[in-house]
Structures are given as C-alpha cells and as structure tokens.
Amino acid sequence: MSPERTVRQIPVGPMANFVYVLADGASGEALVVDSGWETGPILKVVAELRAKVKYVVASHEHFDHTSTLRELADATGAELVAHQASPLQCDRRVSDRETLKLGRNSVRVLHTPGHTPDSICLHDGLDLFSGDTLFVGTIGRFERSDADAIYSSLYETLLRLPDATMIYPGHDYGDVPFRTLGEEKRSNPYLMAGDIRRFRSLFS
Ligand SMILES: [Fe+2]
C-alpha cells in the first residue's frame, strides 16, 4: 500500500472495539475491518474521506466485531468478506495469502487461527489489522482459544513481518491504541516467550 493511504481507527460499542477504515488515496477505494456495534460512526468517516467502500471484512466471527457487517455492506454496496472457515454469511470467502485490491494496491489476508479458527489479519505492507489475534501488550486468548494455534500464528506468521509494521488491534486493551510490531516484540509477554513451552505456561 502506498504512503498515500489513510487509516482511521474508530472506537465503537461497550467492549472497547476498534473498527478500521483503510482508504487508498489514488482510487478512493476503501475497506472496512469489522463493524462492531453500530454503523453510524463508520459511515461518517467514509463520507468524510469520500471513500468508496469495496469490502467490509470480518476479522473473525465474534458478534462484537460482526453484528452489523451486513448492514454496513448493504449501506455501502461493498462485498462482505470472511475467511473460508467462518460460519458467517458472506459474499466472498478468502483464504491465507489471498489479496484484496484497493486501486492499484493489494491488501493481503493472513490466516491466523487460534483466537478462533476463522481469525484473519490484514496486511497492507505497512500496517497490520490484527483483529483479536494480537493486541497492544497482550493477545486475544479466551476460554476456547487454541494456545498452540495462536503460537503458530504469532511466531510463524506475524513475527516475520517487519518491525516497523504498525499493529492496529481489534480492541483498545493496551496503554496506547496502536504500536509497532518492534515495540510489541520488546514489551508483549506473549511475543517475548520465545518458545512453545514458555508460551503455553502463560496460559496456565
Ligand atoms: Fe473475539
């Protein structure tokens, strides 16, 4: 994605969710990551940017990210996109490493199972929209999460991205709303664990 892109982080709802609008400057095409609880704040940003929303993308199936996705897709004329493993009704199913085009730029889907089997992150070359896979200072673990799968997603996929990658998480759970992967590597205990044994011990 060229530097002429715009990223807008939008807080929505009572569970500290973050929704994102990523717009390509040259074409005006945009995608929205999740929709959370209400479409109003998202549509306001889209109108401000004069963007044409091409895709609304579910980072994963959980209701706090997806309950208004269809409403948003209908309001914008966008395609509703989710991973192949998602139970959500959608217009397009994507798999690992598939790309979504915004103008002449590509946004890559990274399948990062663990929080849920259908969890994906989106990488535009500069930014990572990390859903509930990686937060600032922590990760998206809950009672049904698969620790070994999260480990693989973090260590074999996300940690291979450049340190300068900006992490835009699905919730505002950290000290700051976004941070680089390099800073996460130095401060997030789950990324500092280093091996699967120590990583698993953080779950006990
Ligand atoms: Fe979630």
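Numbering of ligands and ligand atoms starts at 1, following listing order.
For the side-chain contact (heavy atoms from CB on, under 4.5 Å) test, residues two or more places apart in sequence or in another chain that qualify with Phe203 are Ile139, Arg141, Ala147, Ile150, Tyr190, Phe199.
Within the structure, side-chain hydrogen bond (donor to acceptor under 3.5 Å, both in side chains) contacts touching residues 43-56 (residues at least two apart or in different chains) are Arg8-Glu48.
Salt bridge absent: Asp195 and Arg200 never bring a charged side-chain N and a carboxylate O closer than 4.0 Å.
In this structure, Val176 shares a hydrophobic cluster with Val136, the cluster being traced through Ile, Leu, Val, Met, Phe, Trp and Tyr side chains under 4.5 angstrom apart.
Note on the Fe ion (ligand 1): protein N/O/S atoms under 2.8 Å are His60 NE2, His62 ND1, His115 NE2, Asp132 OD2.
Residues Tyr173 and Val33 fall into different hydrophobic clusters, defined by Ile, Leu, Val, Met, Phe, Trp and Tyr side chains chained together at heavy-atom separations under 4.5 Å.
Between Thr112 and Thr133, the side chains place a donor N or O and an acceptor N or O closer than 3.5 Å (distance only, hydrogens not considered).
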